[in-house]
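What you see below is based on every heavy atom in this structure, not just the backbone, and it leaves out hydrogens, waters and symmetry mates. Please read these numbers as outputs of a predicted model, since none were measured by experiment.
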Amino acid sequence: MTGDDRYKVFGVYLSAPVTDALEEHLYDEAGVLDVEAYFEETADSVPVGDPGADATDDLVAGVLDSFADLYDRADFAAAERTAPDAFDLVHLAADPTRVADVRERFRAAATIQDADLRTVQTAILGAHLEAGPTE
């Protein structure tokens, strides 16, 4: 169970280039060296104040704030060309409400695009990381 002092850990599937961009972003923001392993041994939540969790929460907040714009800019065709077994499962942490909201938006985008969640998650997060954080 999560509360105001805990972030919920959840997974997204990303292509290798988007995973690399995420890793670079999280290294710059929080000193995270290996994004794929950072929350690997974590239960379903981590405390607020964890540098990597704070950075991924900020990332998810930015994605939510600009989701419509990211959807318009996302390269779904490129993400779709990624081989099904070439996606990395990456765990992020965010406020539980944000997790629910971003999951809902990813599912809606997958329905609209008639694509799987891996494609949508890669395309949207790739567009966000390409643009850089919004100020």
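- Only one option out of Val102, Val18, Val63 pairs with Ile124 in a side chain to side chain contact (heavy atoms under 4.5 Å, CB included); it is Val63.
- The distance from atom CG of Asp54 to atom CG of Leu26, rounded to the nearest 0.5 Å, is 11.5 Å.
- There is no path of hydrophobic side-chain contacts, each under 4.5 Å, that joins Phe87 to Leu125.
- Residues Gly52 and Tyr38 come closest through the heavy atom pair N-OH, 3.3 Å.
- Residues that satisfy the side chain to side chain contact (heavy atoms under 4.5 Å, CB included) test with Asp88, not counting sequence neighbours, are Ala16, Thr19, Glu36, Val90.
- We find the NE2-CG distance between His128 and Leu64 to be 10.0 Å, quoted to the nearest 0.5 Å.
- Tyr71 is not listed as a side-chain neighbour of Arg105, based on a closest heavy-atom distance of 4.5 Å or more.
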- Task: List the steps and the verdict of side chain to side chain contact (heavy atoms under 4.5 Å, CB included) for Thr122 and Leu14.
- Result: CA-CA 5 Å; Thr122 291; Leu14 305 174; 4.2 Å; yes

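- For Asp34, the CG atom sits in a packed shell: over 12 heavy atoms of surrounding residues, nucleotides or ligands are nearer than 6.0 Å.
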- Task: Just do the side chain to side chain contact (heavy atoms under 4.5 Å, CB included) check on Val48 and Arg6 with the steps written out, would you?
- Result: CA-CA 5 Å; Val48 169; Arg6 308 279 304 166; 5.7 Å; no

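- Considering only heavy atoms from C-beta on, Leu129 comes within 4.5 Å of Leu59 through its side chain.
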- Task: Could you please spell out the steps behind the ring pair (Phe, Tyr, Trp, His ring centres under 6.0 Å) verdict for Phe106 and Phe10?
- Result: CA-CA 13 Å; Phe106 282 145; Phe10 70 106; 7.9 Å; no

- Would Tyr27 and Val32 count as a side chain to side chain contact (heavy atoms under 4.5 Å, CB included) if you check the C-alpha gap in whole Å, the side-chain angles of each, and the deciding distance to 0.1 Å? CA-CA 5 Å; Tyr27 178 78; Val32 173; 5.7 Å; no

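- Proximity of a side-chain donor or acceptor of Glu23 to a complementary backbone N or O of Val35 within less than 3.5 Å is detected.
- Considering all non-hydrogen atoms of both residues, Glu80 and Ala115 come closest at OE2-CB, 4.1 Å.
- Between the CZ atom of Phe67 and the CG atom of Asp101 there is a distance of 11.0 Å, given to the nearest 0.5 Å.
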- Query: Run the side chain to side chain contact (heavy atoms under 4.5 Å, CB included) check on Leu92 and Leu22 step by step: do they pass?
  - Reply: CA-CA 10 Å; Leu92 306 175; Leu22 176 62; 3.9 Å; yes

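- The two atoms that bring Ala123 and Ala74 nearest to each other are O-CB, 3.6 Å, heavy atoms only.
- Side chain of Thr56 to backbone of Ala93: a donor-acceptor contact under 3.5 angstrom is found.
- Of all non-hydrogen atoms in Ala94 and Asp57, the two that sit nearest each other are CA-OD1, 3.4 Å.
- Taking CZ from Arg98 and CZ from Arg103, the interatomic distance works out to 15.0 Å, rounded to the nearest 0.5 Å.
- Separation of atoms CD (Glu130) and CG (Leu70) is listed at 10.5 Å; rounding is to 0.5 Å.
- Look at Arg73 and Asp69 and you find a salt bridge, because one of the NZ, NE, NH1 or NH2 atoms lies within 4.0 Å of a carboxylate O, short of that distance.
- For Thr82, there are no side chain to side chain donor-acceptor pair (under 3.5 Å) partners two or more places apart in sequence or in a different chain.
- The side-chain heavy atoms of Tyr13 and Leu117, taken from C-beta on, include no pair separated by under 4.5 Å.
- Of the charged side-chain nitrogens involved, none lies within less than 4.0 Å of a carboxylate oxygen, so that Lys8 and Asp95 do not count as a salt-bridged pair.
- Residues Tyr7 and Asp50 bring no donor and acceptor atom of their side chains to less than 3.5 Å of each other.
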